Amino acid sequence: MNIVCIGGGPAGLYFSLLMKKQNPEHRITVIERNRPYDTFGWGVVFSDQTLGNLANADEPTARAILQAFNHWDDIEIHFKGETVRSGGHGFCGIGRKRLLNILQARCEELGVQLVFETEVQDDQAIAKQYGAELVIASDGLNSRIRTRYAASYQPEVEQRHCRFVWLGTRKKFEAFTFAFRQTPHGWFQAHIYQYDGDTSTFIVETPEHVWRAAGLDAMSQEEGIAFCEALFAEELDGQGLLSNSPHLRGSAQWITFPRIVCRQWVHRHDGVPVVLMGDAAHTAHYSIGSGTKLALEDAIELARCFGQHADAAAGTDAALLAYQQLRAIEVLKIQSAARNSMEWFENVERYSAMQAPQFAYSMLTRSQRISHENLRLRDPKYVADYELWLARRAGEQAGVTLPDEAMPPMLTPFRLRGVLLKNRIAVSPMAQYSAVDGVAGDYHLMHLGARAMGGAGLVFAEMTCVSADARITPACPGMYSEAHTQAWRRIVDFVHANSDAKIALQLGHAGPKGSTRPMWDGIDLPLKEDNWPLLAASEQQYLAGVSQLARAATESDLARIEQDFVRATLAAAVAGFDWLELHCAHGYLLSSFISPLTNRRTDEYGGSLENRCRYPLRVLRAMRAAWPQDKPMSVRISAHDWVEGGITPDDAVVIARLFKQAGADLIDCSSGQVSKLEQPVYGRMFQAPFADRVRNEAGIASMAVGSIFEADHANSIIAAGRADLCAVGRPHLANPAWTLTEMARIGYSGAGAVTGAAWPKQYRPGQQQLERNLQRERQLAAASTGLTPQQVAVRLLEG
């Protein structure tokens with residue numbers, strides 16, 4: 001095959017040497033606009049895992065790279081005059097110029113032709129000149145080729161919100177260092193790592209508005225460097241900062257990061273495939289050091305695909321199809337983690353109220369790729385010390401005396417008003433569609449009683465309807481008659497008598513999503529008969545052409561519904577519930593007021609976000625006045641409609657502030673189910689970022705919910721301060737004792753009666769058996785893999 005690579009960066013060079021190694025008969029030419037020793041930037045970072053991939057692909061290259069690397073295990077975070085250090089991270093740094101020189105030398109050794117100082121203006125002319133059967137477009141993040149064939153590649157380019165400058169220093173750093181400085185204009189941060197014997201990369205970053213407020217947009221290059229030297233004088237210890245871009249002037253050194261995603265990676269011109277690779281195809285934010293990693297792994301995968309399909313009749317087409325399918329998935333994972341990391345650094349202000357230990361933990365776990373147990377595997381002492389610090393703070397907040405020992409974050413206590421929760425796990429409200437005439441019966445006693453005995457600190461009853469016409473289905477429970485109150489009191493009394501869990505009631509009105517069948521008879525489908533009229537903020541039909549038409553609620557409707565909520569609130573107090581939640585999510589009546597997708601009113605309840613929230617806030621205030629003052633109230637919101645023009649996470653912060661002002665104590669952060677046009681992005685803990693923003697921007701306690709199914713997830717969320725509680729739903733359907741089981745799985749049994757999650761005395765023989773079985777599994781796995789039992793436990797948690 002005759003191959004031309006346009007762009008002599010890591011992607012083009014590494015692919016070329018791998019293909020030449022695979023088949024010396026290939027004719028491969030790399031065309032680079034710079035001279036052999038020209039490059040920009042300072043150092044690049046790889047993880048130990050990436051180095052392993054390089055060693056498997058080409059051992060001589062990996063050996064040369066390893067000999068030039070500076071290796072470290074520790075990360076240091078400097079924040080508010082404190083330093084937090086965590087080990088076991090396993091990173092290596094190498095100068096970008098040195099890396100390219102190694103790849104260039106290996107290419108020349110294998111017979112790849114390198115052409116320097118040649119600017120490719122026309123890829124088609126170059127392909128024709130060299131008789132190329134394959135063109136690799138590895139021409140960087142400003143790729144001309146990607147732009148030229150944008151109709152084929154379908155790129156999305158998003159300029160992000162921070163300005164950063166890539167500098168260097170002769171100061172050597174023992175650890176990968178992150179330094180944060182507050183100025184009158186806002187926060188700046190530095191990403192610092194040593195990459196050779198005497199030089200370190202020093203990236204300074206800040207949000208665009210802070211950069212401008214500090215006057216950096218008007219400074220010369222020398223003035224900008226002097227500003228950074230003064231700001232980070234403590235880290236520099238007398239050393240200066242260096243620039244290797246002398247041709248750039250002043251603020252031109254400060255750039256924004258472009259997040260690039262391409263839907264397609266292959267274009268064909270006159271039958272010749274033109275394949276994107278590296279930054280031309282995708283970018284990943286430098287805060288997780290993955291741009292060069294992705295480029296090299298693109299090269300590895302494409303070369304492997306050509307090797308696999310070399311003998312096939314349609315070998316090139318099959319190889320390129322496999323390349324894009326395989327790499328697109330892996331890149332998406334990395335880009336998702338990189339986006340989380342990038343957004344964390346864009347919003348340092350959000351976390352600036354935290355104390356240094358929690359701020360550092362939040363930063364270490366920002367991408368959601370590193371979890372609590374993964375951190376424990378890397379640095380057990382760091383995690384144990386942090387757990388002890390967090391437990392002491394939790395004990396102070398809850399007003400209880402805890403044993404002076406480390407404990408899993410999800411098992412720390414939490415107090416809201418006069419209610420003390422023994423731990424941070426809640427059983428989500430989950431519709432069961434098993435009531436008769438609104439009465440919660442033996443099924444609900446069994447269902448909620450079992451989960452209250454299963455170790456969770458708080459158990460929510462499913463959405464309970466404030467009137468007969470507020471029900472989702474005829475089988476939904478209600479709180480609009482004396483029979484309902486007494487039925488609920490029976491269940492509440494059982495929970496209080498047989499467990500140390502608290503029990504909450506969620507009150508709601510189905511609105512436009514009412515008068516439907518139970519989900520197992522068809523989700524959201526209307527009843528075949530005996531339907532009741534429906535109300536919404538504005539006239540709507542939830543399922544177009546299928547659902548009943550809901551009419552717009554009048555003022556008299558709203559006054560009646562408000563009183564229905566107050567009556568149900570008073571009944572909940574009589575029934576003895578510890579906690580009350582108002583349901584304002586998922587397209588139900590109150591949610592239909594909040595979302596612009598469903599509220600088209602022109603009165604005082606429509607228009608601006610504040611107006612759309614007016615009626616739900618009115619209901620909350622009336623309920624708060626009727627609910628005991630020493631008992632908390634939460635509000636469930638849809639923090640994201642996942643539809644263009646709907647509620648966004650930015651809106652959710654405003655909504656949370658409004659509910660806080662109206663008397664809410666906690667925001668339960670769900671999302672979606674407002675429109676069938678929604679396009680949610682699912683994944684582990686996919687709604688936790690909404691709880692994070694609400695808690696740390698709106699300044700109100702929050703509850704995370706959605707794809708939290710392991711103790712590791714909950715511990716990571718609570719420890720990082722992303723939420724105060726974690727609601728676990730479907731796992732509790734599969735296992736009522738989810739909390740107790742997860743305790744045993746992570747090897748923790750130190751819970752006491754005041755806090756944590758004590759096993760019911762009747763079930764303690766089961767606890768002992770479970771713990772023995774799990775320990776035996778870890779030992780057997782350790783014996784077969786050569787890992788320690790602790791490492792096996794983490795691998796099991798990570799799936």
Side-chain angles (χ1 to χ4, degrees), residues 1-37 39 54 56-62 64-65 99-140 143-145 265-281 292 294-312 315-320 322-324 327:
M1 185 181 291
N2 194 346
I3 302 168
V4 170
C5 289
I6 300 174
L13 291 170
Y14 201 52
F15 173 72
S16 298
L17 73 86
L18 292 177
M19 285 295 285
K20 192 70 173 175
K21 176 184 175 182
Q22 189 178 107
N23 185 347
E25 298 303 311
H26 289 319
R27 293 171 53 209
I28 305 175
T29 306
V30 178
I31 303 175
E32 168 58 37
R33 64 180 180 176
N34 294 311
R35 294 175 298 179
Y37 298 102
T39 187
L54 298 182
N56 290 333
D58 184 55
E59 196 275 334
T61 302
I65 291 172
L99 174 64
L100 291 177
N101 292 162
I102 289 170
L103 297 177
Q104 290 161 1
R106 181 65 172 148
C107 281
E108 290 172 339
E109 177 185 331
L110 291 169
V112 175
Q113 182 183 1
L114 303 180
V115 178
F116 293 100
E117 300 181 73
T118 302
E119 187 81 45
V120 177
Q121 300 290 349
D122 187 339
D123 61 280
Q124 296 174 18
I126 286 290
K128 190 171 294 185
Q129 176 184 338
Y130 285 92
E133 300 164 84
L134 174 69
V135 174
I136 300 298
S138 52
D139 53 341
S143 169
R144 288 178 176 174
I145 295 174
W265 296 9
V266 180
H267 165 80
R268 283 178 171 79
H269 180 78
D270 291 339
V272 177
V274 183
V275 184
L276 296 180
M277 188 178 288
D279 283 348
T292 305
L294 284 177
L296 295 175
E297 291 181 350
D298 282 353
I300 292 170
E301 189 58 56
L302 183 55
R304 191 187 67 82
C305 289
F306 272 113
Q308 274 195 332
H309 297 280
D311 298 327
T316 296
D317 288 343
L320 294 178
Y323 164 67
Q324 176 165 325
R327 286 303 294 158

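Quick caveat, the model's predicted, so the values are computed rather than measured. What you see below is based on every heavy atom in this structure, not just the backbone, and it leaves out hydrogens, waters and symmetry mates.
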Would you check, one step at a time, whether the test side-chain contact (heavy atoms from CB on, under 4.5 Å) holds for N23 with F306?
-> CA-CA 10 Å; N23 185 347; F306 272 113; over 6 Å; no
Derivation and outcome, side-chain contact (heavy atoms from CB on, under 4.5 Å), residues L302 and I136 | CA-CA 10 Å; L302 183 55; I136 300 298; 3.8 Å; yes
Over all atoms of both residues, closest heavy-atom pair of A299 and A11 = CB-O, 3.8 Å
Locate the shortest heavy-atom distance separating I102 from A64; write the atom from each residue and the value.
-> CD1-O, 3.6 Å
Show the numbers, then the answer: is there a side-chain contact (heavy atoms from CB on, under 4.5 Å) between L54 and L296?
-> CA-CA 8 Å; L54 298 182; L296 295 175; 3.9 Å; yes
For residues [X] and [Y], determine if any side-chain heavy atom of one lies less than 4.5 Å from a side-chain heavy atom of the other.
{"X": "L276", "Y": "D298", "value": "no"}
{"X": "V112", "Y": "V30", "value": "yes"}
{"X": "Y130", "Y": "V115", "value": "yes"}
{"X": "T292", "Y": "L99", "value": "yes"}
{"X": "L320", "Y": "R268", "value": "yes"}
{"X": "Y323", "Y": "H309", "value": "no"}
{"X": "F116", "Y": "R35", "value": "no"}
{"X": "C5", "Y": "T29", "value": "no"}

Spell out, as yes or no, whether a donor-acceptor pair under 3.5 Å connects the side chain of S138 to the backbone of I6.
->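 Checking the backbone N and O of I6 against the side chain of S138, a donor-acceptor pair under 3.5 Å is found.
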Should the pair D58-K20 be classified as a salt bridge under the 4.0 Å nitrogen-to-oxygen rule?
-> no
Using a strict 4.0 Å threshold on nitrogen-to-oxygen distance, state whether E119 and R144 make a salt bridge.
-> yes
State the [atom1]-[atom2] distance between [X] and [Y], to the nearest 0.5 angstrom.
{"X": "C107", "Y": "L18", "atom1": "SG", "atom2": "CG", "result": "8.5 Å"}
{"X": "E117", "Y": "E32", "atom1": "CD", "atom2": "CD", "result": "10.0 Å"}
{"X": "I300", "Y": "R327", "atom1": "CD1", "atom2": "CZ", "result": "8.5 Å"}
{"X": "I3", "Y": "I28", "atom1": "CD1", "atom2": "CD1", "result": "4.5 Å"}
{"X": "L103", "Y": "T61", "atom1": "CG", "atom2": "OG1", "result": "6.5 Å"}
{"X": "D139", "Y": "I31", "atom1": "CG", "atom2": "CD1", "result": "11.5 Å"}

Does R304 CZ have over 12 foreign heavy atoms under 6.0 Å away?
->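 Buried by this count: over 12 neighbours within 6.0 Å.
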Does the side-chain contact (heavy atoms from CB on, under 4.5 Å) test come out yes or no for D270 and K128, once each step is laid out?
-> CA-CA 10 Å; D270 291 339; K128 190 171 294 185; 5.6 Å; no
Step by step, work out the side chain to side chain donor-acceptor pair (under 3.5 Å) result for Q124 and D122.
-> CA-CA 5 Å; Q124 296 174 18; D122 187 339; 5.2 Å; no
Which residue pairs satisfy the side-chain hydrogen bond (donor to acceptor under 3.5 Å, both in side chains) criterion with at least one member in residues 1-19, sequence neighbours excluded?
-> none
Of the options E108, Q104, E109, which is the one that meets R106 in a side chain to side chain donor-acceptor pair (under 3.5 Å)?
->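 Testing R106 for a side chain to side chain donor-acceptor pair (under 3.5 Å) against E108, Q104, E109 leaves exactly one candidate, E109.
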